[in-house]
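Inspection log for the structure reproduced underneath, given as structure tokens.
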Amino acid sequence: GDKQLTMNMFYSFQ
Amino acid sequence: MLELRLVQGSLLKKVMESIKDLVNDANFDCSATGFSLQAMDSSHVALVSLLLRSEGFEHYRCDRNLSMGMNLGNMAKMLKCAGNDDIVTVKADDGGDCVTFMFESPNQDKIADFEMKLMDIDSEHLGIPEAEYEAIVRMPSAEFARICKDLSTIGDTVVISVTKEGVKFSTRGDIGTANIVLRQNTSVDKPEEATIIEMETPVSLTFALRYMNSFTKATPLASQVTVSLSSELPVVVEYKIAEMGYLRFYLAPKIEE
């Protein structure tokens with residue numbers, strides 16, 4: 001199956 | 001002191017119904033700009049961003065920036081008790097441990113107040129810079145909901161591909177495959193029925209339909225939805241909230257292993 005990416009792979013915590 | 005009076009209280013009811021199943025607890029942030037929220041689902045795959053600008057409220061008083069941690073399921077329960085035509089007022093004291101929702105019927109013959117306990121939530125605020133998207137599709141929100149629902153009966157994921165020809169939604173499952181293509185259509189009588197495709201570069205991304213279907217609970221908020229896609233970014237599914245702001249859902253793609 002496909003691998004699900006997550007938000008923190010794209011955006012960093014402020 | 002915080003006091004926000006929203007004549008169209010049903011907007012807040014609709015917002016809560018749209019997000020309560022995706023996010024359990026979240027901080028509502030109040031500032032001079034407006035009433036906002038950013039929160040992720042428990043698996044950090046999807047993110048909700050809400051903005052209700054202060055100008056959209058009949059009365060907006062926010063003496064100092066305030067962050068109020070709320071359980072969204074409980075907040076939705078309370079707002080469900082408001083009538084669809086009710087005026088909703090949100091009140092809180094600085095440093096207090098509760099928030100009050102006041103519901104007024106349009107002719108002022110029924111006034112209710114519901115007090116809810118606030119909670120401490122670790123804020124996990126992500127910085128999301130403005131981005132140029134490779135493709136932006138604007139389409140009727142009901143059509144988008146229909147497509148996500150239909151495809152989820154066949155498969156678990158949707159491939160959204162934008163080319164010059166249009167936007168294609170595809171899925172595959174044990175019983176077979178499905179492809180739905182929408183072409184640009186600006187010739188309709190009503191603007192809310194138009195499909196508009198702006199494409200800089202062809203793009204194709206795969207997403208979990210479970211999340212997409214959850215986002216479509218926001219369909220009652222807006223007649224149109226905007227889907228913004230770039231190959232290196234989460235998709236943004238945006239519902240504009242009449243003259244007040246927006247409800248945006250970000251969803252990270254799936255990639256082949």
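Here is how names work: the chains are called A, B, and so on, in the same order as the sequence lines, proteins then strands, and each is numbered from 1.
Of all non-hydrogen atoms in Leu5(A) and Ala252(B), the two that sit nearest each other are O-CB, 3.2 Å. Residue Gln4(A) comes nearest to Ala208(B) through the heavy atom pair OE1-CB, 4.0 Å, listed as atom of the first residue, atom of the second, then distance.
Counting heavy-atom neighbours within 6.0 Å of Arg248(B) CZ, excluding the residue itself, gives a total above 12. Summarising the local packing, CG of Asp156(B) is surrounded by 12 or fewer heavy atoms from other residues, nucleotides or ligands at distances under 6.0 Å.
Within the 4.5 Å cutoff, the side chain of Tyr250(B) has heavy atoms near those of the Met7(A) side chain. In this structure, the side chains of Asp2(A) and Ile255(B) stay at 4.5 Å or more apart for every pair of heavy atoms.
Here the straight-line distance linking atom CG of Leu47(B) with atom CG of Asn8(A) works out to 10.5 Å at 0.5 Å rounding. In this structure, CE in Met40(B) is found 11.5 Å from OH in Tyr11(A), a value given to the nearest 0.5 Å.
Listed for the Gln14(A) side chain is no donor-acceptor partner under 3.5 Å among the backbone atoms of Ile128(B).
Heavy atoms closer than 4.5 Å to chain B are found in the side chain of Phe10(A), but not in its backbone.
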